[in-house]
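Remarks on the structure that follows.
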Amino acid sequence: MQEKKPIIVTSALPYANGPLHLGHLAGAYLTADFFVRYLRLKGEDVVFICGSDEHGVPITIAAEKEGVNPQDIVDRYHEWNKDTFERMGISFDYYGRTSSKIHYETSQEIFKTLYDKGFFSTKTEEHFYDEDAQMFLPDRYVKGECPNCSYPEAYGDQCEKCGNSLHPTDLINPISALSGKAPLRKETQHWYMPLGKAQAKLEEWLDSREGWKSNVSGQVRSWLQEGLNDRAATRDLTWGVPVPLEDAEGKVLYVWFEAPIGYISATKEWALKRNKPEEWRKYWQNPDAKLYHFIGKDNIVFHCIMFPIILMEHGNYVLPENVPANEFLNLEGKKLSTSRGWAVWLHNYVDHFEADLLRYALGVTLPETKDSDFSWKDFQARVNNELVAVLGNFIHRTMSFTEKYADAKVPPLSNPKDVDLAVLEAITLQKEKVEAAFEQFKFREALQESMQLARIGNKYFSDTEPWKSKDSDIESCHNTLHVSAQVVAALSILFDPIIPSSMAKLRAQIGYDGAISWENIGTDLLKVGQKLQKAEILFTKIEDEQIQMELDKLEAQLNNNASDAESEKTIDYPNIKDPINFDDFMAMDLRVGIIKEVTEVPKSNKLLAFKVDIGIETRTIVSGIKKHVQIDRLIGQKVTVICNLAPRMIMGMESKGMILMAESPDGNLHFVTSEAAEGSLLS
RNA sequence: GGCGUGGUAGCUCAGAUGGUUAGAGCGCACGACUCAUAAUCGUGAGGUCGGCGGUUCAAUUCCGCCCCACGCUACCA
């Protein structure tokens, strides 16, 4: 017999600073688990790897907020998420974590190898340094005034008020979030990956890939067209994997460099646990092995560009066979948002419903080719109309009929008619369709074709009317029951990757206790005379009240978070600025203006060019407020203009002055208007 | 603005290397049946396949432009 090729399936490492929600499951875990369970049934040599991504600045920030160590945070979420995955039936062979010793060694070894090969380039730059804390400050740890909107609490990477991304050095009056003091600028050296140099090799490899989804290859092409820039592989931080070089005190590997290596280190740990410490090489360092990364679309660049380059430059590692990335899942028609409380938390879900129900309902509407939508009403409909009414009912009517009228034993098949044979053939036919769908990562289709067999069963059962033939033609009746029982048995394996715990229950009911394998799906899984156990209901209907409760819960979460946010905003009002004297104020020339003309600025989607009449003249002002206003209502709008602001070139136009806007707590901009005629002076 | 992905029945989504009446599930209407968790089975209504042009004997499927959604990216003083 030919040796099976080893297969590694990975699911994106969830970030260990929060619990898991529906979007996670739909993106990278459910599909991977379907695939892996299918492969196992096929008898493939597969290892399914995942784990917690435990480094990075957000975790250190979360730790600081709570006044605990980063390790405490990741310990908490690692265990929590691991448990949630188990309860959802996600069957990882190993769930590792990037704070483990083996992960440190593995990522350091890979870094060191690239270093020895001379792959990295170094850059020395000035970064902010906190003398009290004796450390360089991550972008997030520098606060200051936003150069764009003057919000005084902007972070060094982004201003949360205006949403602009920033560099720490852009900030006005920067302070350290640690000590509250002004940080020093100090030189620091970092190692960069010159991705551009590896681009040609990467493209050649990518061209050799087949069967990739269009959303994935399109996104990758888009990145490559823009050209790959150097990416830092190290950071000045204490929380992370230390850079394994002499002159790299206080530096760690950048989390995007080291996290995907977690797949490898987790596989090593898995092998060690099985007392076969070298076994991981069979998967990762074997040209025959096949690697599949299941991820969400936000992760495409890491798994299709950066990690392959790392593996390629290191050499001696497999590159992914395919990266079947999913799109995003919306919830009740709106984008998921953990910060706004718009999410279904999986640990909550499994407290109220069986994992299998969600596995099926979500599996049918996975965001495979485009963003898709999960709604509780749809969940209820899928469960009630499909799992209960089609699958559950077919199983139940077959079993209870057999129990009542055939002594609870599988009756013989004798002189089968065309209808009987056609259904037996359908078993194999559906098996092949499902198989083809799995192989192409078309999981929705796999589910639908699996359910199709149950539909065929129902139709057959109704068409052959065993409730009539039991009195008129017992042979025909027995044939119906025989064939239906075989369909039930086939379904118990066909559906095993999707709803494993229900199907295990079902197999116990029909007395099928042999090892299960995909190839066994056929027409004679059950022996004639096989005793069936008492039919027990596998799926029960979900009532409207249960769904309403979930919807209410969602609303409540949303309101909670909204009021949290509101109260934070209240506290968060920027402090009154430093005092100025009257002359400073009078130095400003503020006048009432009236908008005469509005034009869109070419090549910009935030800017509008205004002609504003300020009495003395009409001048051009360019302003970035397009998203906040309705263009067709602007003409005639009274505004306040600061007229003696130094003119400025914006997108090739000279902007003379500024239209004043008031920003409400929700971030919307509003005109500062006046009843006075245009040209009136403010003082 | 650039790049990418998508825009198909009321809803959720398939599909077509261009070619006879464009599909499924749900929902809806009507009918059948009663073994089954009022489940099942059948029939039907419902679509100018985002819009406008072009190529072609023929396009919803190819090409161009435009609109909308999502993602990446730029502009934002």
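Chain naming here is simple, since letters A, B, ... match the order of the sequence lines and numbering starts at 1 in each.
Along RNA chain B, the nucleotide nearest Glu368(A) and the nucleotide nearest Lys335(A) are compared for position; the residue whose nucleotide lies closer to the 5' end is Glu368(A). Remark on RNA chain B: of its neighbouring residues Ser222(A) and Thr365(A), the 5'-side contact belongs to Ser222(A), judged by nearest-heavy-atom nucleotide.
In this structure, Arg444(A) atom CZ and A24(B) atom C1' are separated by 12 Å, rounded to whole Å. Distance Asp298(A) CG to G4(B) C1': 15 Å, rounded to the nearest Å. Rounded to an integer number of Å, the gap from CD1 of Ile300(A) to P of C3(B) is 18 Å. Here the P atom of nucleotide G6(B) and the NZ atom of Lys297(A) are 11 Å apart, to the nearest Å. If you take NZ of Lys433(A) and P of A14(B), they are 18 Å apart, rounded to a whole angstrom. Spacing between atom NZ of Lys213(A) and atom C1' of G71(B) amounts to 14 Å, rounded to whole angstrom units. Here A77(B) presents its P atom at 12 Å from CD1 of Ile621(A), a figure rounded to the nearest Å. Atom pair Asn215(A):CG and G4(B):P shows a separation of 14 Å (rounding to whole Å applied).
On the P atoms, G51(B) is 15 Å away from C11(B), given to the nearest whole Å. Between the P atoms of A9(B) and A14(B), the separation comes to 12 Å (whole Å). Atom C1' of C35(B) sits at a distance of 10 Å from the matching atom of U40(B), rounded to the whole Å. For G64(B) and U55(B), the C1' atoms lie 11 Å apart once the distance is rounded to whole Å. One C1' atom belongs to C13(B), the other to U8(B), and the distance between them is 9 Å to the nearest Å. For the C1' atoms, the distance from U21(B) to C63(B) is 29 Å, rounded to whole Å. Atom C1' of G23(B) sits at a distance of 26 Å from the matching atom of C70(B), rounded to the whole Å. A distance of about 37 Å separates the C1' atoms of C57(B) and G10(B), rounded to the whole Å.
The environment of CG in Asp418(A) is sparse: at most 12 heavy-atom neighbours from other residues, nucleotides or ligands sit within 6.0 Å.
Contact annotation: Lys370(A) reaches the phosphate of A14(B) (side-chain N/O to OP1 or OP2, under 4.0 Å). Contact annotation: Ser214(A) side-chain N/O to G4(B) OP1/OP2 distance is not under 4.0 Å. In this model, the phosphate group of A14(B) is approached by a side-chain N or O of Thr369(A) to a distance below 4.0 Å at OP1 or OP2.
Across all strands shown, the partner of G42(B) is C30(B), judged by Watson-Crick or G-U wobble contacts whose two distances both fall under 3.5 Å. Using Watson-Crick or G-U wobble geometry with both donor-acceptor distances under 3.5 Å, G64(B) finds its partner in C52(B). If you check G25(B) for Watson-Crick or wobble pairing at under 3.5 angstrom, you find it paired to C11(B). When both distances must be under 3.5 Å, the Watson-Crick or G-U wobble mate of C72(B) is G2(B).
Among the atoms of the strands shown, none is found under 4.0 Å from any heavy atom of Ser375(A). Within the 4.0 angstrom heavy-atom criterion, no nucleotide atom of any strand lies near Glu445(A). Using a 4.0 Å heavy-atom criterion, one finds that Asn330(A) contacts no nucleic acid atom at all.
The six-membered or imidazole ring of Phe441(A) lies near that of Phe35(A), with a centre-to-centre distance under 6.0 Å.
Residues Leu526(A) and Ile510(A) share a closest heavy-atom pair of CD2-O, 3.9 Å.
A donor-acceptor pair is defined here as one N or O able to donate and one able to accept, closer than 3.5 Å; no such pair exists between the side chain of Ser492(A) and the backbone of Arg507(A).
Between the side chains of Glu368(A) and Asn215(A), no donor-acceptor pair is found at a separation under 3.5 Å. Between the side chains of Gln509(A) and Gln533(A), not a single donor N or O lies within less than 3.5 Å of an accepting N or O. There is a side-chain donor-acceptor pair under 3.5 Å between Tyr38(A) and Glu439(A).
Aromatic ring pairs are classed by plane angle as parallel below 30°, tilted from 30° to 60° and perpendicular above 60°; the pair Phe401(A) and Phe461(A) is perpendicular. Aromatic ring orientation, His293(A) versus His303(A): perpendicular (interplanar angle above 60°, classes split at 30° and 60°).
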Give the B/S/- string for nucleotides 30-40 of chain B, one per nucleotide from 5' to 3', where a protein heavy atom under 4.0 Å of the base yields B, of only the sugar-phosphate yields S, and otherwise -. ---SSBBB-SS
